[in-house]
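All remarks here apply to the structure that follows.
Naming convention: chains lettered A, B, ... in sequence-line order (proteins, then strands); numbering from 1 in each chain. Just the heavy atoms: all of them, side chains too, but no hydrogens, waters or symmetry mates, feed the values below.
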Amino acid sequence: MHDINLITQNPQKFKYYLEIRNEDPSIIDRLLEINSQRKELITKINNLRNQKNNISDKIARKQYSSEEERQLLVKDSNLLDREIKDLEPILSEVEQSMKNILLNIPNIVAEDVPVGKDSNDNQIIYTEEEGLTPNFDPLPHWEIAEKLNIIDFERGVKLSGSRFYIMKGKLAKLQRALINFFLDFHTQKHNYKELYLPFIVKGYCLEGAGQLPKFEDNLYKDLEDDMWLVPTAEVPLTNIYRDEILPADVLPLYYVAYTPCFRKEKIAAGRDVRGIKRGHQFDKVELYKFTLPENSDYELEKLVQDACDILRALKLSFRIVKLCSGDLGFSSAKTYDIEVWAAGCKEWLEVSSCSNVLDFQARRANIRFRRTPQSKPEYVHTLNGSGLALPRVVIAILENYQQKDGTIRIPEVLQPYTGFDQIEINWKY
RNA sequence: GGAGAGGUGGCCGAGUGGUCGAAGGCGCUCGCCUGCUAAGCGAGAGUGUCGCUUAAUAGGCGACACCACGGGUUCGAAUCCCGUCCUCUCCGCCA
């Protein structure tokens with residue numbers, strides 16, 4: 001969410017940001033109009049209240065000479081009250097519609113983000129192909145997994161419908177090992193603090209993180225209790241310090257957390273239906289930072305490297321893509337995607353999306369800090385990135401670590417976690 | 001889920017209708033003092049919004065709102081009433 005005063009001061013800039021995100025900039029004009037209505041109403045109501053307070057004060061101090069005079073004061077106050085009560089609902093309506101508009105305006109676009117229409121205009125800024133590649137043509141993961149009996153697609157669908165699957169035996173353990181490896185790696189090598197979070201949150205958390213009100217369609221929810229399954233750990237992480245003022249010396253804060261993620265994927269209906277690339281439920285280890293505003297840019301570069309280090313340790317090839325303005329997520333001012341090479345389906349798979357959100361979420365969730373005990377509170381900057389998303393790393397391992405005989409080798413760094421060094425044919429039932 | 005108690009400023013804690021944005025203590029900030037991080041003395045500190053002033057989203061002045069949240073009673077509510085949420089204790093249930 002943006003500071004309405006910043007928009008008022010520079011509407012052209014905000015219109016431009018909307019344009020390069022392929023959104024309608026005319027909303028800014030409506031916003032400005034509503035805002036001036038709002039201010040006018042506030043001024044009016046405040047004046048009336050002021051008059052009313054003065055009367056109460058007079059009565060309290062017994063500044064009247066007769067009972068009749070007192071009654072007159074009471075009568076005046078009642079009149080003022082009626083005027084106020086007439087205006088108040090109008091104001092709250094105006095405020096509500098202003099908030100609705102503000103909540104639907106995406107973040108600004110960082111200066112160094114390339115302007116572009118869609119993912120075709122994204123820039124590949126770095127490629128590292130030191131990773132393992134089979135010297136034969138490996139099967140895509142859904143085929144090899146079926147051959148080895150380590151993924152049961154049919155029965156997953158039987159339980160929960162399309163885009164659900166069951167991982168079995170050593171593959172299930174491989175995934176579990178990866179989660180532990182990721183958490184250990186980031187806590188030990190990169191100084192992130194590990195958190196175990198709720199997987200269900202209140203609606204205001206999703207508003208704080210930017211999923212609501214715009215992306216309600218993509219979320220699983222229990223409206224009766226206002227409880228929502230998290231689509232990413234970013235949501236609970238963003239809200240840990242909501243409505244708090246942090247002392248500056250605790251910043252930056254680095255957190256890492258594993259959560260499952262639940263997404264309806266309505267927007268992506270029909271895409272990536274084969275295999276485990278896009279499910280309604282998947283696991284992810286998320287990296288999150290709270291930083292001083294002046295450091296967030298640098299912290300983003302570091303965050304990306306932290307995520308890349310995992311791929312290096314797993315000996316997987318990857319590349320870094322800088323998203324163009326048209327492909328940026330709603331809350332992000334700048335995003336790098338990290339894509340891993342999958343030799344079976346021959347695709348670069350997005351395993352991480354690292355974003356500098358600036359103060360966008362901090363405003364929505366009201367997360368601030370104080371530079372010194374006597375300085376004014378300021379909004380923190382927040383950053384998030386996967387470190388990493390599990391299924392796609394699993395895909396990369398199944399495809400890149402595939403052997404000619406159809407078995408899968410386990411990356412060396414994972415072997416202490418799995419307790420085995422290869423996956424072969426699994427039990428059928 | 002049932003019964004009871006309670007939710008006040010960074011923290012503790014007073015306050016049951018009027019000058020209370022809130023005593024007191026701790027902590028914090030800035031001075032002073034003491035020849036060395038302590039003690040003492042003095043002063044100052046909440047958040048947000050609107051308006052005026054200003055080059056200023058710096059500072060100043062004024063107003064309004066905020067004592068869990070939402071409503072109500074009243075000229076006037078932290079204080080009274082209703083609803084919701086949360087916390088604690090006991091019981092029940094359960095991994």
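At the phosphate of A65(B), OP1 or OP2 sits under 4.0 Å from a side-chain N or O atom of N53(A). For the OP1/OP2 pair of C64(B) and a distance below 4.0 Å, the side-chain nitrogens and oxygens of N50(A) include at least one atom meeting the criterion. Between K39(A) and U49(B) there is no side-chain polar atom (N or O) within less than 4.0 angstrom of OP1 or OP2. Using a 4.0 Å cut-off, some side-chain N or O of R370(A) falls inside it from OP1 or OP2 of U47(B).
Look at CG on L87(A): it is 16 Å from P on C64(B), rounded to the nearest Å. Rounded to whole Å, the distance from CG on D81(A) to C1' on U74(B) is 10 Å.
As judged by a 4.0 angstrom heavy-atom cut-off over every strand, S77(A) is placed among residues touching the sugar-phosphate backbone only. I59(A) comes within 4.0 angstrom of a base, heavy atoms only. As judged by a 4.0 angstrom heavy-atom cut-off over every strand, R38(A) is placed among residues touching the sugar-phosphate backbone only. Nucleic acid contact class of K52(A) (heavy atoms, under 4.0 Å, all strands): sugar-phosphate only. Within 4.0 Å (heavy atoms only), N78(A) reaches sugar-phosphate atoms of the nucleic acid but no base atom.
Remark: the separation of the C1' atoms in G2(B) and C94(B) is 16 Å, to the nearest Å.
Nucleotide A55(B) is matched to nothing when pairs are restricted to Watson-Crick or G-U wobble geometry with both distances under 3.5 angstrom. Across all strands shown, C88(B) is found opposite G4(B) as a Watson-Crick or G-U wobble partner, with both distances under 3.5 Å.
Applying the 90° criterion around 0 to the glycosidic angle, A45(B) comes out syn.
A donor-acceptor contact under 3.5 angstrom links the side chains of Q361(A) and T382(A), judged on distance only.
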